[in-house]
Amino acid sequence: MDKIINLHVKLVPAIDFETRMPHDAYTVYCRIDGAALLASGWTLKDAVNLFRKQHHVDNRTRIRLIRPFRKQRHYAIPTDII
């Protein structure tokens, strides 16, 4: 049977400095054996790929994304750069 890792996804408000438009970045996270594991990326694919790389998750291990994605609760987007 294939191993499955369930990842929570958090949407993190950010600014795209090329277009100067708001953009959601992504943080994926879970707990494995009591340890909090996470990775962030500009795209969801980047975040999942970084998670696999940082935490040595084999490419045969299935990743299941838990929905709904959560928005970061507290944030501040600097308005002086828009």
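Note that the structure is a prediction, hence the values are computed from the model and not measured.
- The two residues Q54 and L38 have their closest heavy-atom pair at OE1-O, 3.3 Å.
- By the 4.5 Å heavy-atom criterion applied to side chains, D24 and F69 are not counted as neighbours.
- Here the side chains of V9 and T27 are not in contact, with every heavy-atom distance at 4.5 Å or above.
- Residues K71 and K10 form no side-chain contact, since every pair of their non-hydrogen atoms from C-beta on lies 4.5 Å or further apart.
- H8 NE2 to R31 CZ: the interatomic distance, rounded to the nearest 0.5 Å, is 10.0 Å.
- Residue L7 is grouped with residue L37 when hydrophobic side chains (ILVMFWY) are merged at heavy-atom distances under 4.5 angstrom, including chains of intermediate members.
- Within the 4.5 Å cutoff, the side chain of I4 has no heavy atoms near those of the T61 side chain.
- How far CZ of F51 is from NE2 of H56: 11.5 Å, rounded to the nearest 0.5 Å.
- The CG atom of L50 lies 10.5 Å from the OG1 atom of T43; values are rounded to the nearest 0.5 Å.
- Nearest heavy atoms, G41 versus A47: N-CB, 3.7 Å.
- Looking at heavy atoms from C-beta onward, V28 lies out of side-chain contact with I63 at the 4.5 angstrom threshold.
- A distance-only check finds no donor-acceptor pair linking the side chain of H55 to the backbone of A39 [under 3.5 Å].
- The distance from atom CD1 of I5 to atom CZ of R62, rounded to the nearest 0.5 Å, is 12.0 Å.
- Between L11 and Y26 the shortest side-chain heavy-atom distance falls below 4.5 Å.
- Sorted by first and then second residue, the pairs that involve residues 39-61 and meet salt bridge (charged side-chain N to carboxylate O under 4.0 Å, His left out), not counting sequence neighbours, are D58-R60.
- Side chains of L65 and V48 form a contact here, defined as non-hydrogen atoms less than 4.5 Å apart.
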